[in-house]
Each structure stands twice: as structure tokens, then as C-alpha cells.
Undergrad: 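Here's a structure for you.
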Amino acid sequence: MALVCAQLGARFLAVMPEGVSNERVLIIRAYGGEVRFSHGAAGVLGAIAESQRLAVELGAFLPRQFENQENADAHRLLTAPEILSQVPGGRVDAIVSGSVGTGGTLVGLYEGLVTSNAALRPVLARPVEGAVMRDVECCSFLRLGGVQSPDSGSGRLHLRDLSTSQIPRIDRSET
């Protein structure tokens, strides 16, 4: 979204919880976007609440990416067929996502690629510092067996299909 705003000459402001990967912040800033941090302990829900507050205060457009099913649909309808067309035999056994924001990419790819292999395995790879299931929140996970978050009351969903054992622990000191 920062790239699109840069192309359109529009202001872009992202709200992220303290502690997000520096790469995300650097990419947004490289496109001329601004980043504001919400309290890290409040997690993604805190960042969403702050972005909603700022949208009202600034009279800004709020894309509501965590609530937008078209996020996952774009990957299901466009990205997955593109991948299948380039994979010899047209079969994918696993999807590994190392960056989960809304979850739309992982969910959309899963939905689009599962037709090539009913045993398709979605894998969420997160650094040790971020390997907390409560940080993976998205409406897109509904079709993967998500359940309503008991602590949010907002309709946000947690991904429950991926057990903790499926989240590889990656120690940054080893990379």
C-alpha cells in the first residue's frame, strides 16, 4: 500500500505494534510512508484500534485489511494459479510463509493450491521473538479452521490449524 500511495502522491501512514520486524518499517519508509507504533503488549489488535482512532482523527481512508476477504481471494484466484502453472507436474506439497500480516497470502495460496494436493501443508515460519500464536490474527483464516478470538470480541480470528509444532523456531543468531 505504501508503494501505491507513493505512485499516487498520497500520504501513507501505517500503525504497527512495537517490536515488528525492522524490514517492514524500512520498506514502508523507503516508499515515503510513515510508521507509528502502538504499544507492543497490545499486539495486532492494539495497532488496529490505533489505526481506527487515527483514521477518524485525520479523516483518512482505512483499508481494513484484516477484515477484507478480497485480500485472500486475490492470492487464491491469481497467485496460486500462476504458481501452479510454473511448477513441474502442477503439484505443491507445502506453503511456507515467513511473514504473516493479515494472513491473506498464506490463506489465499492454501485455498488456491489445495486443489493440486489434498494433503497440502501450510507452514508459518516466524522468528523466535514473534512465535506467539496470539499474534496471528485474521479473518482470512476462517476457512482454515479459525475460531473466534475469545479476547477480542471483534470477530478477529486466530489460526488454529497450525499447531505450535508446525511453527519452526528460527533463531536469528543462526541466520
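Residue indices begin at 1 and follow the sequence shown.
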Undergrad: Where is the tightest heavy-atom contact between Gly43 and Ser38, given as atom of each residue plus distance?
TA: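 Minimum heavy-atom contact is O-OG, 4.3 Å.
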Undergrad: Say you draw a straight line from CE of Met1 to CZ of Phe61; how long is it, rounded to the nearest 0.5 Å?
TA: 8.0 Å
Undergrad: Can you tell me how far the CG atom of Leu84 sits from the OG1 atom of Thr115, to the nearest 0.5 Å?
TA: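 One gets 6.0 Å once the value is rounded to the nearest 0.5 Å.
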Undergrad: What's the separation between atom CZ in Arg91 and atom CG in Leu113, rounded to the nearest 0.5 Å?
TA: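 The distance works out to 12.0 Å.
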Undergrad: Looking only at non-hydrogen atoms, find the nearest pair between Cys5 and Arg11 and report the distance.
TA: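 Looks like SG-O, 3.9 Å.
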Undergrad: Would Ile28 and Met16 count as a side chain to side chain contact (heavy atoms under 4.5 Å, CB included) here? Give the steps.
TA: CA-CA 11 Å; Ile28 290 169; Met16 303 172 140; 3.5 Å; yes
Undergrad: State plainly whether one hydrophobic cluster holds both Val15 and Ile48, where clusters connect Ile, Leu, Val, Met, Phe, Trp and Tyr through side-chain heavy atoms under 4.5 angstrom apart.
TA: no
Undergrad: Within a 6.0 Å radius of atom CD on Glu18, are there more than 12 heavy atoms belonging to other residues, nucleotides or ligands?
TA: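 Enclosed.
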Undergrad: Check each of Ile27, Leu26, Val25 against Arg29 using the side-chain contact (heavy atoms from CB on, under 4.5 Å) test, and report the only one that passes.
TA: Val25
Undergrad: Heavy atoms only: give me the nearest Pro17-Val44 pair and the separation to one decimal.
TA: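 That would be CG-N, 4.0 Å.
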Undergrad: Atom OH in Tyr31, atom CD in Gln7: separation rounded to 0.5 Å?
TA: 9.0 Å
Undergrad: I need the Leu62 CG to Arg53 CZ distance, nearest 0.5 Å.
TA: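 Rounded to the nearest 0.5 Å, the CG-CZ separation comes out at 12.5 Å.
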Undergrad: Are Leu58 and Phe37 co-members of a hydrophobic cluster defined by side-chain heavy atoms under 4.5 Å apart?
TA: no
Undergrad: Could you check whether any side-chain heavy atom of Val56 comes within less than 4.5 Å of a side-chain heavy atom of Gln52, counting everything from C-beta outward?
TA: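 Result no, sub-4.5 Å side-chain heavy-atom pair not found.
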Undergrad: Grouping I, L, V, M, F, W and Y whenever their side-chain heavy atoms are under 4.5 Å apart, do Val114 and Val92 come out in a common cluster?
TA: yes
Undergrad: Heavy atoms only: give me the nearest Val107-Ala72 pair and the separation to one decimal.
TA: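 Val107 and Ala72 have their closest heavy atoms at CG1-CB, 4.2 Å.
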Undergrad: Might you work through the side chain to side chain contact (heavy atoms under 4.5 Å, CB included) test for Arg121 and Asp93, ending with a clear yes or no?
TA: CA-CA 6 Å; Arg121 181 175 175 211; Asp93 295 318; over 6 Å; no
Undergrad: Checking the side chain of Glu34 only, and the main-chain atoms of Leu13 only, is there a donor and an acceptor separated by less than 3.5 Å?
TA: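 Here the side-chain-to-backbone pair does not exist.
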Undergrad: Under a 4.5 Å side-chain heavy-atom rule over Ile, Leu, Val, Met, Phe, Trp and Tyr, are Leu77 and Ile83 clustered together?
TA: no
Undergrad: Let me confirm one number: the CG-CD distance from Leu45 to Glu50, rounded to the nearest 0.5 Å.
TA: 13.5 Å
